[in-house]
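Chain A is the first sequence line, chain B the second, and so forth, proteins listed ahead of strands; every chain is numbered from 1. These values consider heavy atoms only, across backbone and side chains, with no hydrogens, waters or symmetry-generated copies.
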Protein chains: 2
Amino acid sequence: MFELDLRSRQPIYEQLVEKVKELIIHEVWKSDEQLPSVRWLAKELTINPNTIQKAYRELEHQGYIYSIPGKGHFVAPQAKTMTREKVETMRNELLRLISEALYLGMSKEDILSLIELAEQSVKGGIKHD
Amino acid sequence: MFELDLRSRQPIYEQLVEKVKELIIHEVWKSDEQLPSVRWLAKELTINPNTIQKAYRELEHQGYIYSIPGKGHFVAPQAKTMTREKVETMRNELLRLISEALYLGMSKEDILSLIELAEQSVKGGIKHD
DNA sequence: CTAACTGTATTATTTAATATATTACAGTTA
DNA sequence: TAACTGTAATATATTAAATAATACAGTTAG
């Protein structure tokens, strides 16, 4: 279901948050669709239910999912709207990284070719993770 | 001297490593130039000498500096060569981020304008951190 | 109704990384 | 010799992350 790196410096619950976000943003999981239950997913990934709970709580707090006690967690209809702020965050990251790259002597053309490359992989559906 | 975020999730010693790298790569500190002593810098930044030592050890291990016991730490002449592998790492980061951006619906033109923006800030010497 | 699911909350404990505190030893230099 | 340098070692404190173990309540299929 998910590939987690238990040895990563990044906490498990954060990795989970990111994975779920990606599935939602890329519409693998659609609006109002039910997420795996806390206990089921914990068993599936052989990690503690509390860790799943923490990730889901965070996702709910960020507006990506909602929960109905007794029923489950579901993809929030507004989740796709969240991509706007994600794009904004990405703009900043990109600007920072591109500046750094230019500063280190990477040429404008180098970056342009990277865009071409990225475009192909995205259109071709090639995973880049 | 450095601006450190003591509350950051990123360890102090790692922040230090990055800051020193930047100063070396951007040639603020040149080859064979002496770095601040472990104890002096510890006092300056009001952090523990062991933490400085750890950062310097890491920088030495990565080839950015060398040390002469009893004398001090100095910028390694090969340090600038390190930028090559840094550029390679950056290529990968950029490719990943650009793909993600396109995937989220950011247009090619958006990214191009970011490059323009970055180019100006780099040429103008505007800091992007 | 009941069993087996769901979410949620709480408390205690373990683990690992980070940072500090302290002390010590040895080379360098004015 | 005094005051710097780097280096090493040990003990301690702090914190975040993750686990373990329960408990309580809503939901739902049989």
Asker: According to side chain to side chain donor-acceptor pair (under 3.5 Å), who are the partners of A:Glu44, at least two apart in sequence or on a separate chain?
Answerer: none

Asker: Find the distance B:Glu44:CD to D:dC4:P and express it as a whole number of Å.
Answerer: 15 Å

Asker: Find the distance B:Glu58:CD to C:dT18:P and express it as a whole number of Å.
Answerer: 11 Å

Asker: Verify, without hydrogens or angle tests, whether B:Ser8 (side chain) and B:Gln10 (backbone) share a donor-acceptor contact under 3.5 angstrom.
Answerer: yes

Asker: Checking the side chain of A:Ser121 only, and the main-chain atoms of A:Ala118 only, is there a donor and an acceptor separated by less than 3.5 Å?
Answerer: yes

Asker: Whole-Å distance between D:dT5 C1' and B:Lys43 NZ?
Answerer: 15 Å

Asker: Could you check how far CG of A:Leu6 sits from C1' of D:dA17, rounded to whole Å?
Answerer: 12 Å

Asker: Examine distances only and state if a side-chain atom of B:Lys71 and a backbone atom of B:Ile68 form a donor-acceptor pair shorter than 3.5 Å.
Answerer: no

Asker: Kindly compute the distance separating CH2 (A:Trp29) from CG (A:Leu23), expressed to the nearest 0.5 Å.
Answerer: 5.0 Å

Asker: Strictly under 4.0 angstrom, non-hydrogen atoms only: write out the protein contact profile of nucleotides 23-30 of chain C, one letter per nucleotide from the 5' end, B, S or -.
Answerer: -B--BSS-

Asker: Can you tell me how far CZ of A:Arg57 sits from NE2 of A:His73, rounded to the nearest 0.5 angstrom?
Answerer: 9.0 Å

Asker: Measure from CZ on B:Arg7 to C1' on C:dA19 and round the result to the nearest Å.
Answerer: 16 Å

Asker: Taking the side chain as every heavy atom from C-beta outward, state whether B:Leu41 and B:Ile47 have any pair of such atoms under 4.5 Å apart.
Answerer: no

Asker: Measure OH/A:Tyr66 against C1'/C:dT8 and give the value in whole Å, please.
Answerer: 18 Å

Asker: From CG of A:Asn48 over to P of D:dA18, roughly how many Å is that when rounded to an integer?
Answerer: 10 Å

Asker: Which ranges of DNA chain C pair up as stems, where a stem means three or more consecutive Watson-Crick or G-U pairs with both distances under 3.5 Å?
Answerer: C:1-30 with D:1-30

Asker: Is there a side-chain contact between A:Tyr56 and A:Leu35 in this structure, where contact means two heavy atoms from C-beta onward sitting under 4.5 Å apart?
Answerer: yes

Asker: With a cut-off of less than 4.0 Å, is there a side-chain N or O of B:His73 near OP1 or OP2 of D:dG6?
Answerer: yes

Asker: Identify, with sequence neighbours excluded, every residue that meets ring pair (Phe, Tyr, Trp, His ring centres under 6.0 Å) alongside A:Phe2.
Answerer: none

Asker: Testing the basics here: between A:Ser107 and A:Leu102, what is the closest heavy-atom pair and its distance to 0.1 Å?
Answerer: C-CD2, 4.4 Å

Asker: Just compare D:dT7, C:dT8, C:dG7 and give me whichever is closest to any side-chain atom of B:Gln53.
Answerer: D:dT7

Asker: For the side chain of B:Thr51, starting at C-beta, report the closest nucleotide among D:dT5, C:dT20, D:dT7.
Answerer: C:dT20

Asker: Going by number, which of residues 8-18 of chain B have a non-hydrogen atom under 4.0 Å from DNA chain C?
Answerer: B:Pro11, B:Ile12, B:Tyr13

Asker: Let me know the distance between CD1 of B:Ile47 and C1' of C:dT20, rounded to the nearest Å.
Answerer: 11 Å

Asker: Closer than 4.0 Å, any side-chain N/O of A:Ser67 to the OP1 or OP2 of C:dG7?
Answerer: no

Asker: Among all residues two or more places apart in sequence or in another chain, which pass the ring pair (Phe, Tyr, Trp, His ring centres under 6.0 Å) test with B:Phe74?
Answerer: B:Tyr66

Asker: State the CD1-CD distance between A:Ile98 and B:Glu119, to the nearest 0.5 angstrom.
Answerer: 10.5 Å

